[in-house]
2 protein chains.
Amino acid sequence: MEDRIPVPPPHPAHDVTEHVGYRLKRASAALRGAMDKALREHGLTVPQYSCLELLDAQPGLSNADLARGTFVTRQSANVVLRGLKEAGLITRPASADHGRVLPVHLTPAGQERLHAARTAVYALEKRMVEAVPERRLTALLTDLDAMTEALGG
Amino acid sequence: MEDRIPVPPPHPAHDVTEHVGYRLKRASAALRGAMDKALREHGLTVPQYSCLELLDAQPGLSNADLARGTFVTRQSANVVLRGLKEAGLITRPASADHGRVLPVHLTPAGQERLHAARTAVYALEKRMVEAVPERRLTALLTDLDAMTEALGG
DNA sequence: CGCCCTATGTCAAAATGCTGACATGGAAGA
DNA sequence: TCTTCCATGTCAGCATTTTGACATAGGGCG
């Protein structure tokens, strides 16, 4: 008699694979995998590419900025930056002249590498975008953002 | 008149943060973070919880099945299963009686733990779902799946 | 000026995940 | 039947990421 349950109100589906979260994770995993494969041919990892893109759009970002922008911890971003610096794709002052922030910039080699990799990544983006009806694209972005905010950033 | 545009072929947007991929990753990261926090109070990690959910819906899944279902490699899934077994939440035969597959099952303790954690996770799902207009929910799921398939699984 | 509070960069350790490789069991096809 | 091919489970090594902690720089405010 313990199955006197009135109703599972907030539980629309009974199979996890029907949940929004599951679909979201699956799509994200597919993107990650595809990017990983595409970027490997350019000698870049996904976090590395992400950093280059952010730096191209906003030169001088700090390590902490990049961490937030790539959704990882400061420590992880730091490791990525070391790799990029060792590869000669970015520059980073050894010491800060003003505050404590060490502004990061792309080198010409970094620009070049980014542009090459970007072509491959944008092709993936194109495949994704074309998979959804054009009139729904805006709504999709809106809803993704809404979900993000509902979860607290 | 402007829809006469041949098309801005591969580069629709100029800021990465406008791209679908970025929004997708951000939403996924937000979900991951929220789940991580919620599950910690129940002594579970996200991969562990994912396995429990899959096993609850489909008892007897193999390690490889769970790996595919949680979007990680067989090796990673194996580590997760060891943790779950050590915690007494699942059972797994030491040797296969039929093929090579070792079917995994939830223990009563596993069921219990899952049910407790599920409440917390479903609350998150609810927040997400309610953030998007109800009439668009189905479309959202459809589009997420379409993007997944466009990227090759 | 001096105090608190936040943010940043970094170190160390542990956890987590992946690549590469191998042996084995089953299934499909010659 | 036998042989080839694929999937599974697992080991080892490496890469990545996170947690936790710490010192320091700056802004806000008494």
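Because the structure is predicted, anything quoted here is derived from the model rather than measured. A note on names: the letters A, B, ... follow the listed sequences, proteins ahead of strands, and every chain is numbered from 1.
Protein atom CG of B/Leu66 is 11 Å distant from nucleotide atom P of D/dT8, rounded to whole Å. When the C1' atom of C/dT8 is taken as reference, atom CG of A/Leu81 falls 13 Å away, rounded to whole Å. One interatomic measurement links the two molecules: CZ of B/Arg82 to P of D/dG9, which rounds to 13 Å at whole-angstrom precision. When rounded to the nearest whole Å, the span between NZ of A/Lys37 and P of C/dT19 equals 13 Å. Counting to the nearest Å, the C1' atom of D/dC6 and the CZ atom of B/Arg100 are 13 Å from each other. Taking atom NZ on B/Lys85 and atom P on D/dG9, their separation rounds to 13 Å, with Å as the unit. What separates CZ of A/Arg32 from P of D/dT17 is a distance of 6 Å, to the nearest Å. In this structure, CG of B/Leu102 is placed 12 Å from C1' of C/dG25, rounded to the nearest angstrom.
Listed candidates were C/dG17, D/dT8, C/dG20. Nearest to the side chain of B/Gln75 is C/dG20. Side-chain proximity of A/Arg92 to the nucleotides C/dT10, C/dT8, D/dT10 is greatest for C/dT10. In this structure, of C/dT10, D/dG9, C/dT16, it is C/dT16 that holds the atom nearest to the side chain of B/Thr45.
Between A/Ser62 and C/dT8 there is no side-chain polar atom (N or O) within less than 4.0 angstrom of OP1 or OP2. The phosphate of D/dG9 has neither OP1 nor OP2 within less than 4.0 Å of any side-chain N or O from B/Asn78.
Map A/Arg68 and A/Arg40 each onto its nearest nucleotide of DNA chain C; the residue landing nearer the 5' end is A/Arg68. Projected onto DNA chain C by closest heavy-atom contact, A/Asn63 and B/Thr73 fall at different nucleotides, the more 5' of which corresponds to A/Asn63.
Within the 4.5 Å cutoff, side-chain heavy atoms of B/Asp145 are placed close to those of A/Arg26. Residues B/Glu53 and B/Val121 are not in side-chain contact: their nearest non-hydrogen atoms beyond the backbone lie 4.5 Å or more apart.
Of all the heavy atoms in B/Leu61 and B/Leu54, the pair that sits closest is CD1-O, 3.9 Å.
A/Leu66 and A/Leu102 sit in two unconnected hydrophobic clusters of ILVMFWY residues. Membership requires side-chain heavy atoms under 4.5 Å apart, directly or through other members.
Put simply, the side chain of B/Arg74 and the base of D/dA7 share no donor and acceptor less than 3.5 Å apart.
Shown here is B/Gln111, whose CD atom has more than 12 heavy atoms of other residues, nucleotides or ligands within 6.0 Å.
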